[in-house]
Amino acid sequence: MEPTARTSPEGAAVAYSRALADFADDLHELYVESGVRSYAAVEAGARSAGRISLSTSSISEALHGKRLPSLDFTLELVRQLAGDQPGVREAWRQRWKQMRLLQRRVKTEANTVNAAGDQPGLRLLHHDPVSSAHDEAAQIIAQAQEVARSVIGAAREQADQILRAVDNARKAQDSPSSTVPDAAKLRHRESLRIVLMGPPSAGKGTQAAFLARQLQLPHVSIGDIYRKNISERTPLGLKVKECLEAEEVIPDEAILGMLALRLGENDALRGFLLDGMPRNLDQAFSLEALLGSGGKEVDVVLGIDVPHDEAIKRQVGRRICLTDRSHVFHLDYAPPKRFGICNVCGGSLALRDADSQTSTEQRWHFFETVCRPAMAYYSSKGRLVKISGLGEVQEVTANAISALAYYFDDARR
């Protein structure tokens, strides 16, 4: 009987090397798509979660295919990069198991060949020309694979350097000492009391948050003031709660009382970004009186405008996760991967009644008939600066800062 041809461990090793490279490539792609700024940010996220430690060096090894990480490490890394998505983690769990089987196959075949090499009847196979050709081919493939891994590794390192450079640029942009000159000029003003006004879905709340960071001002939101006072069960907060539950209009006296307390806090003494008031002429007059009692005034009103059709589109396209309402999507601007399903937790998405077209049209009509005259009042006093709310968020923020800087330079205020 002729001896059985021995199994080539190089073939299994090459298959495992290819699979490990693909595994690392896909992890690295997940890292890039996640938008996470650095390995350190991933490590910090895992440390905060308290499930398993992810060191930056181990993350680098996993993303560069240096070794197969443990199952727990892989699943936590995927969780940090893709969010808490059970389906995604299960897919990576199955893929890791396949990698583990390949890894064991390499070790098993290597052990089998080593054992066979000690048997006299099989030593002749080492001189078999066909077997030698297979071995030589496998060795060439393995060498080519090693070169490919080296090239891919270098490419990944270059990509990581680019990401780190972008991260550093973002940090420099966010740093108070490195912001654009216009923002620096505004920050050095003795007072900077800004009121934001505009139609529904113009992006006032979003811009307030971005401008607050750039200009180092507190974002004073009437909605936040309501929630804080209700949570702390202040007398005014209880009054607001009572009105909301009865679906009654909140008295201006209650609003102004809470606002006066907020604007009296240390962080708002030099300036603020006020969002949510005034909503009508009477409130505009009351705000002037409130600030005037302390020898202050509204420095400028920033009016953010969007066309009617765009406002409706922004609002009716919003979808809220019913499982966690902090997960918000938009059918046009931030669509879910699966229609009607939350990317984060798999919950069902729904349109809120407040986001319906009927509700949005009513709010638009209210703005045009009640709020617009308040904007006209500030315009008549020469204190209204208008910008378009169309475009990327950062673009609108930049336009707002430029317009505000130009307004104060031009008026020498």
Inset, instruction - Write out all pairs satisfying salt bridge (charged side-chain N to carboxylate O under 4.0 Å, His left out) with one or both partners inside residues 385-405, taking only residues at least two apart or from two chains. - result: D305-K386

Inset, instruction - In sequence, state the C-alpha distance, the side-chain angles, and the governing distance for R47 and E76, and then conclude on salt bridge (Lys or Arg N to Asp or Glu O under 4.0 Å). - result: CA-CA 11 Å; R47 188 186 309 116; E76 182 61 29; over 6 Å; no

[X] vs [Y] side-chain heavy atoms within contact, under 4.5 Å:
X    : Y    : answer
T358 : D353 : no
L186 : L192 : yes
E288 : Y377 : yes
I222 : D275 : no
P335 : F329 : no
L291 : V298 : yes
L302 : M197 : no
Q315 : Q357 : no

Give a yes or no answer on whether the side chain of [X] reaches the backbone of [Y] with a donor-acceptor pair at less than 3.5 Å.
X    : Y    : answer
W96  : L75  : no
S379 : M375 : no
R100 : S70  : no
H330 : D332 : yes
K204 : G198 : yes

Inset, instruction - Please assess S348 against C342 for the test side-chain contact (heavy atoms from CB on, under 4.5 Å), listing each intermediate value before the final yes or no. - result: CA-CA 6 Å; S348 298; C342 176; over 6 Å; no

Could you tell me whether [X] sits above the aromatic face of [Y], with NZ or CZ closer than 6.0 angstrom to the six-membered ring centre and within 45 degrees of the axis?
X    : Y    : answer
R213 : F210 : yes
R95  : W92  : yes
R189 : F408 : yes

Check the side chains of [Y] and [X] for a donor-acceptor pair under 3.5 angstrom, ignoring hydrogens and angles.
X    : Y    : answer
N343 : Q85  : no
Q94  : Q98  : no
T397 : Q207 : yes
S57  : S60  : no

Surrounding [atom1] of [X] (heavy atoms of other residues, nucleotides or ligands, distance under 6.0 Å), is the total greater than 12?
X    : atom1 : value
R67  : CZ    : yes
F339 : CZ    : no
R363 : CZ    : yes

To the closest 0.5 Å, what do you measure between [atom1] ([X]) and [atom2] ([Y])?
X    : Y    : atom1 : atom2 : answer
E310 : S388 : CD    : OG    : 9.0 Å
N280 : S286 : CG    : OG    : 8.0 Å
M99  : Q103 : CE    : CD    : 7.5 Å
N229 : I255 : CG    : CD1   : 11.5 Å
L238 : R233 : CG    : CZ    : 5.0 Å
Y226 : C243 : OH    : SG    : 9.0 Å

So which atom in [X] and which in [Y] form the shortest heavy-atom distance, rounded to 0.1 Å?
X    : Y    : value
A208 : L273 : O-CD1, 3.7 Å
A62  : A24  : O-CB, 3.5 Å
T74  : F23  : CG2-CZ, 3.8 Å
A82  : L30  : CB-CD1, 4.2 Å
R270 : Q216 : NH2-O, 4.2 Å
I387 : A400 : CD1-CB, 3.6 Å

Legend entry - Stepwise side-chain contact (heavy atoms from CB on, under 4.5 Å) test for T360 and H365: CA-CA 9 Å; T360 306; H365 178 72; over 6 Å; no

Inset, instruction - Apply the test side-chain contact (heavy atoms from CB on, under 4.5 Å) to residues L322 and R325: give CA-CA distance (whole Å), side-chain angles for both, the deciding distance (0.1 Å), then the verdict. - result: CA-CA 6 Å; L322 296 179; R325 291 182 176 269; 4.1 Å; yes

Any salt bridge linking [X] with [Y]? Criterion: basic side-chain nitrogen under 4.0 Å from a carboxylate oxygen.
X    : Y    : result
D355 : R319 : no
E248 : K241 : no
D309 : R314 : no

Inset, instruction - In sequence, state the C-alpha distance, the side-chain angles, and the governing distance for L27 and H64, and then conclude on side-chain contact (heavy atoms from CB on, under 4.5 Å). - result: CA-CA 9 Å; L27 277 178; H64 289 79; over 6 Å; no

Inset, instruction - Apply the side-chain contact (heavy atoms from CB on, under 4.5 Å) test between I225 and each candidate in I230, L236, L259; give the one that qualifies. - result: L259

Legend entry - salt bridge (Lys or Arg N to Asp or Glu O under 4.0 Å) partners for R227, two or more places apart: D224

